[in-house]
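Written out below as C-alpha cells is the structure these notes cover.
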Amino acid sequence: MSFFGFKGGVHPKENKTQTKDEKTVVMKTPSMVYIPLVQQNPGIPVKPIVKVGDKVLKGQKIGDSDAFMTTPVHSSVSGTVKKIEDRAYPIMGAIVSTICIENDGEDTWAELTKLDDWEKASKEELLAIIREKGIVGIGGATFPTHVKLNPPKDAKIDTLLLNGAECEPYLNSDNRLMLDDPQSIIEGIKIIKKILGITNAIVGIEENKPRAIENMQKAAAGTGIEIAPLKVKYPQGGEKQLIKSVLNRVVPSGKLPSAVGAVVQNTGTAAAIYQAVVNGIPLIERVVTVSGKAVKKPKNVRVAVGTLFSEILNFCEVDRENIYKLILGGPMMGMAQYSEETPVIKGTSGLLALTKEETNAYETRNCISCGKCIGVCPMGLLPLNFVQMVIKGKFQELGPANILDCMECGSCAFVCPANRPLVESIKLGKLKLRELMVKK
Ligand code: SF4
Ligand code: SF4
C-alpha cells in the first residue's frame with residue numbers, strides 16, 4: 001500500500017519500551033467507583049436515573065439524556081449508590097456531578113441483550129445499540145460513536161479508516177489490544193462497515209509496532225480489511241493526518257473527514273462496538289497504560305471506568321515523592337492532573353507519573369521568531385500569530401486565522417526553543433473566540 005505522509009509533525013522520544021511487552025493485566029474493581037455524569041467533556045451532562053440508596057448491577061444504565069450528542073453512562077460494578085455529588089473530573093480541572101457507587105464485590109451483571117445475528121439488523125438498530133451501550137471514541141476525544149457513524153446524507157463515504165497509530169509517546173493501550181484481542185477489533189470493523197454500507201476498511205498502524213501489524217494481518221486474513229503500516233511521526237494518529245497519509249486526501253479547513261469520503265474510528269472503539277452489539281456489554285472498562293519513571297511497575301491495566309487514579313497508582317507501585325507531573329493521556333496532548341482522587345473515564349488511554357527529568361521543566365523565555373513552530377504544524381497554521389493575538393486580546397482575528405483547525409497536538413510547543421506555552425494560549429484563544437461566536 002502506498003504511503004503518502006503529511007506535512008509537518010515531530011519525532012518525540014517514543015518511551016514505549018517500558019510497557020510494550022507488558023500483557024494487559026486486569027485490576028480488581030475498587031471498593032468505590034465514581035462515574036461522572038458527562039460522556040464527552042464538561043458541558044454536556046446527562047441526568048442520573050438512579051438515586052442514593054438504590055442497588056445497581058454491573059452494566060446497568062445509571063445516567064442518560066435526550067439531548068443530541070449525549071450517550072448514557074453505566075455502572076462498572078454491582079453495589080449501592082452512596083452519593084451523587086460534585087467531584088473533580090480529569091479534563092480542564094472541571095468539577096462535575098458524579099455517581100458514587102459502593103462495590104458489593106459480587107460482580108452481578110445486569111441482563112445483557114446479545115445480538116449474535118447482527119448481520120440481519122438494520123443500520124438504525126445497530127446505531128441505537130451503540131448509543132444505548134454508551135460507546136464513544138476511546139482514543140481520547142470521547143465523541144459519541146453513534147453520531148460519528150451517521151454522517152450527513154449527502155456525504156459519499158467510501159472508506160473506513162481505523163486508527164491504530166497510537167503515536168503519543170509512552171502509550172501502549174491500543175498496541176496491547178491489537179496484540180491481546182485483535183479479533184474483537186476485526187469483528188467491530190465488520191459491524192461498522194455494515195452500518196456505513198461500505199466495503200473498504202484500512203487499519204493504520206505505526207511501524208514501531210511490528211507485532212501488532214503482524215497480529216492484525218493474521219486476524220484480518222480473508223476479510224478484505226487492509227492493514228497499512230505507517231511511518232513513525234507524531235501526530236500520525238490525528239484524523240486529518242491519517243486520512244492524508246493513507247488516502248492522500250486533504251480535509252478542507254473547518255470540514256469533517258466525511259467531506260472527503262472517510263470515517264475514522266479508533267481500534268479500541270471498534271472492539272467496544274463488537275462487545276456492545278454482539279455481547280451486549282456497555283463501555284464500562286478500558287485498557288490504560290501506566291508509565292513514567294515514578295512508576296515502579298509500569299503496566300497496561302484493564303480497569304473499571306470510575307476507578308480513582310490513586311488506586312491505579314497504588315496497583316502499579318508508584319513512588320509519589322518522585323512524581324513531578326501526573327498526566328492523563330500522553331505527554332503531547334494529555335492533561336496535567338492536580339489530584340489523584342479523580343476517576344478513569346471512557347477516554348483515559350494513559351496515566352503517566354513523570355519525574356522532573358522526564359518533563360520539560362525549563363523556564364519560558366521571549367519568542368525569538370525562529371519560526372520552528374510554524375514549520376512543524378501539521379495543520380499548516382501559524383501558532384506564533386495565535387499567541388500574539390491572544391496576548392493583545394484580538395480574539396475576533398483568531399477565526400479568520402483558522403485557530404479552530406488547531407488539533408492541540410502540541411508539536412509547536414515541543415520544538416519551541418523558548419519553551420513558550422503555545423498550546424495553553426491556543427486553548428484560551430479558542431475559548432474566547434467561541435464565546436464571541438455564541439454572543440453574535
Ligand atoms: S498550532 Fe495546533 S495543530 Fe499546529 S502544531 Fe500547534 S498545537 Fe498542533
Ligand atoms: S518556535 Fe517558539 S520561539 Fe520560535 S517562533 Fe515559535 S513561539 Fe517563537
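Both counts, for ligands and for their atoms, begin at 1 and track the order of listing.
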Note: ligand 2 atoms sitting under 4.0 Å from heavy atoms of Pro417 are 1 (S)
Closest to atom 3 (S) of ligand 1 by heavy-atom distance, out of Met332, Lys240, Met407, is Met407
| Under 3.5 Å, is there a donor-acceptor pair between the side chain of Thr70 and the main chain of Asp66? | no
- Query: Looking at Phe6, is Lys240 sitting on its ring face, NZ or CZ under 6.0 Å from the six-membered ring centre and within 45 degrees of the normal?
  - Reply: no
Examine distances only and state if a side-chain atom of Asp405 and a backbone atom of Gly254 form a donor-acceptor pair shorter than 3.5 Å. yes
For this session: Would you tell me whether Glu22 and Asn172 have side-chain atoms, one donor and one acceptor, within less than 3.5 Å of each other?
Result: no
N-O pairing of Lys16 and Glu206 below 4.0 Å:
no
of all protein heavy atoms, closest to atom 2 (Fe) of ligand 1 is Cys406 SG, 2.3 Å
A student checking ligand 1 against Gly410 at a 4.0 Å heavy-atom cut-off should list atoms 7 (S), 8 (Fe)
shortest atom 8 (Fe) of ligand 1-to-protein heavy-atom contact is with Cys409 SG, 2.4 Å
Near atom 6 (Fe) of ligand 2 (protein N/O/S, cut-off 2.8 Å, waters excluded) we have Cys373 SG
Using modelled atom types only, decide if a donor and an acceptor are shared between the side chain of Glu166 and the backbone of Asp174 within a distance under 3.5 Å.
yes
Checking Ile130, Ile138, Leu162 against Thr269 for side chain to side chain contact (heavy atoms under 4.5 Å, CB included), the one that qualifies is Ile138
Quiz item: If only atom types and distance count, is the side chain of Glu408 paired as donor or acceptor with the main-chain N or O of Val423 below 3.5 Å?
Solution: no
So the atoms of ligand 1 within less than 4.0 Å of a heavy atom of Glu408 turn out to be 2 (Fe), 7 (S)
For Pro378, the atoms of ligand 1 under 4.0 Å from one of its heavy atoms are 5 (S)
Those residues at least two apart in sequence (or on a different chain) that pass salt bridge (charged side-chain N to carboxylate O under 4.0 Å, His left out) with Lys190 are Glu187
Ligand 1 atoms nearer than 4.0 angstrom to some heavy atom of Ile426 are 1 (S)
In ligand 1, the atoms that come under 4.0 Å of a heavy atom of Cys377 are 1 (S), 3 (S), 4 (Fe), 5 (S)
| query | Taking Lys346 for the side chain and Gly134 for the main chain, is one N or O donor matched with an acceptor at less than 3.5 Å? | reply | yes
